[in-house]
Amino acid sequence: MPPSSVWANPSSLSDRAYRIMQSDRETVVIVGAGQAGAWVAITLRSLDPGRRIVLIGDEAHPPYERPPLSKAILAGKAGIESAYIKPGNFYADNRIELMLNRRVRHINRDRSSLTLDDGSSMEYGTLVLATGCRPRMLAIQGADLPQVHTLRTIADVEKIAAWLKPEGKVVAIGAGFIGLEFASVAVEAGCSVTVVDAAPHAMGRVIDGSVAEVVAAGHQGRGVDFRFSTTIEKIEPDGDRAVVVLSTGARLPSDLVIVGIGAVPNTDLAETAGLACDDGIIVNAFGRTDDPKIFAVGDVTRHFNPLLGRSLRLESWQNAQNQGIAVAKAIAGTATPYADLPWFWSDQYDTNLQIIGAPTAWDRIVWRGAPESGKFTAIYMQGEKVVAGNSMNNARDIRFIKQLILNGTPVPDAALADPSTSLAQLAKG
Ligand SMILES: Cc1cc2nc3c(=O)[nH]c(=O)nc-3n(C[C@H](O)[C@H](O)[C@H](O)COP(=O)(O)OP(=O)(O)OC[C@H]3O[C@@H](n4cnc5c(N)ncnc54)[C@H](O)[C@@H]3O)c2cc1C
């Protein structure tokens, strides 16, 4: 697809008035037309009708949300356009210059300009880096075979979906969110599924092992074969298939192999420009980097969270949207710090898992509801305080757990565990 640039006449101002305002105001250039970049543009336009906004992305689609890619869209239950954050014409109608299929190659900070992939340059008054993450790749023989894919973009889903057929044999490398959501869609498509992970249990980075066991049991009950504490030696070609060779010596013939072993922040532009980075572009609670003209937002940032009192990097829908809104406010001069308690969700089969909080430590789990019932909330405790919660098919508990975490008031385990005790009342303190 050729590069496209969409520029619209102003809808609410005359052409002349708009051009005058534009020349008077600083141009905001946003690099990365994903969820976070889009929310900066959308919010900034609503706060500042006269500002020139340019949104540059290297994908072919207008900004879209990624969560449905590994859920309804992969399963064929929803179309690709259902993931679009706004309809394609929104950007032109709102005077946001959306440039798709274009990649920014370099930031020239001394000239406040960017170099694009065609060699052209563009000046900025304010720059926002919203470059997101890319999937971590396997560094082993056979990682480049045609059966081996990652799952991050619409283009990935278009390639993968065709392979999900009854009787298909598929392997997910990595038992994180992507691997497990992929596994559930593949099982429902009639495939036989093996999930391999170097860790001893699923979702090791984000949830307690006891909750992960419940999630894994749901998969096992549907026939998924887990190989934990196992690494991949290599992937060999075998006619139309690939054979995944495990550290145990087992060989898994596969029609499709999905690599879901985490993501790497796209910090290259920032690092080359000399901005401070540490597994993410370092920003404050307003999304500002160490260059006052440059902000960063979304998955690519290591940002300061005032609620947690520490910096962290998040890969989440909530963070992409709300940090995007906060950065737009900071640019528009109505700055409020971005301060959300981290929240994620995952849908696997008919199970909805929600995760609130990002504790660095907890000393026990209090179960509210029996794990085997498939409907419960696991409450993470540190001393007498609630520090996080996971709900399974029990989403209504999440906002009360959030309140309990934020309140920080001591709560007895017995009250939390007793389903007849109102969490809402406990949260009110
Ligand atoms: C399959 C999948 C399922 C998910 N499910 C959930 C979920 O259920 N719940 C949840 O909370 N989160 C989920 N997430 C995470 C969530 O989607 C991400 O956190 C969010 O998309 C991050 O948005 P972003 O804009 O920061 O980055 P991205 O969405 O990665 O967007 C960055 C964009 O910038 C582009 N770009 C990078 N460099 C350049 C450059 N130099 N020039 C131009 N363009 C560039 C990239 O190609 C990309 O289009 C999921 C993610 C994936 C991949």
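When a ligand or atom number is given, it counts from 1 through the structure's own listing order.
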- Item | Glu59 bridged to Arg66 by N-O distance under 4.0 Å | yes
- ligand 1-proximal atoms of Val31, by part, heavy-atom distance under 4.0 Å: side chain
- For ligand 1, which part of Glu59 has a heavy atom less than 4.0 Å away: the side chain, the backbone, both, or neither? side chain
- Query: Does Lys71 have a heavy atom less than 4.0 Å from any atom of ligand 1?
  - Reply: yes
- Message: For the backbone of Gly298 and the side chain of Gln323, can you confirm whether one donor and one acceptor N or O come within less than 3.5 Å of each other?
- Response: yes
- Might you work through the ring pair (Phe, Tyr, Trp, His ring centres under 6.0 Å) test for His201 and Phe226, ending with a clear yes or no? CA-CA 9 Å; His201 64 74; Phe226 281 100; over 10 Å; no
- Note on the structure: atom 19 (O) of ligand 1 has as its nearest protein heavy atom Asp299 OD1, 2.6 Å
- Side chain, backbone, both or neither: the part of Asn319 lying under 4.0 Å from ligand 1 by heavy atom: neither
- Task: For ligand 1, indicate whether the residue Phe177 contacts it via side chain, backbone, both or neither (heavy-atom separation under 4.0 Å).
- Result: neither
- Residue pairs, two or more places apart or on separate chains, that pass ring pair (Phe, Tyr, Trp, His ring centres under 6.0 Å) and touch residues 254-281: none
- Do the non-hydrogen side-chain atoms of Ile355 and Phe177 ever get within less than 4.5 Å of each other? yes
- Message: Looking at non-hydrogen atoms alone, which of Asp347, Val40, Asp58 comes nearest to atom 36 (N) of ligand 1?
- Response: Asp58
- Message: Does the residue Arg102 have a heavy-atom contact with ligand 1, meaning some pair of atoms that are separated by less than 4.0 Å?
- Response: yes
- Message: So Arg52 and Glu97, do their side chains get closer than 4.5 Å, heavy atoms only?
- Response: yes
- Message: Can you tell me which portion of Val300 lies within the under-4.0 Å heavy-atom range of ligand 1? Options are side chain, backbone, both, or neither.
- Response: neither
- Item | From CZ (Arg364) to CG (Asp208), nearest 0.5 Å | 12.5 Å
- Query: Any idea which protein heavy atom is nearest atom 12 (N) of ligand 1, and the distance to it?
  - Reply: Trp317 N, 3.3 Å
- Give the residue and atom name of whichever protein heavy atom lies nearest to atom 51 (C) of ligand 1, and the separation in Å to one decimal. Arg66 CB, 3.8 Å
- Closest approach of any protein heavy atom to atom 32 (C) of ligand 1, naming residue and atom: Ala130 O, 3.4 Å
- Does Pro67 approach ligand 1 within less than 4.0 angstrom via side chain, backbone, both or neither, non-hydrogen atoms only? both
- In plain terms, say whether Glu167 and Lys165 are close enough for a salt bridge, that is, a side-chain N and a carboxylate O under 4.0 Å apart. no
- Pairs flagged by ring pair (Phe, Tyr, Trp, His ring centres under 6.0 Å) wherever residues 67-88 is involved - sequence neighbours left out: His61-Tyr84
- Message: Can you tell me which portion of Ala263 lies within the under-4.0 Å heavy-atom range of ligand 1? Options are side chain, backbone, both, or neither.
- Response: neither
- Please write down residue, atom name and distance for the protein heavy atom closest to atom 2 (C) of ligand 1. Ile178 CD1, 3.4 Å
- Message: Is it the case that over 12 heavy atoms from other parts of the model lie below 6.0 angstrom from the CG atom of Asp240?
- Response: no
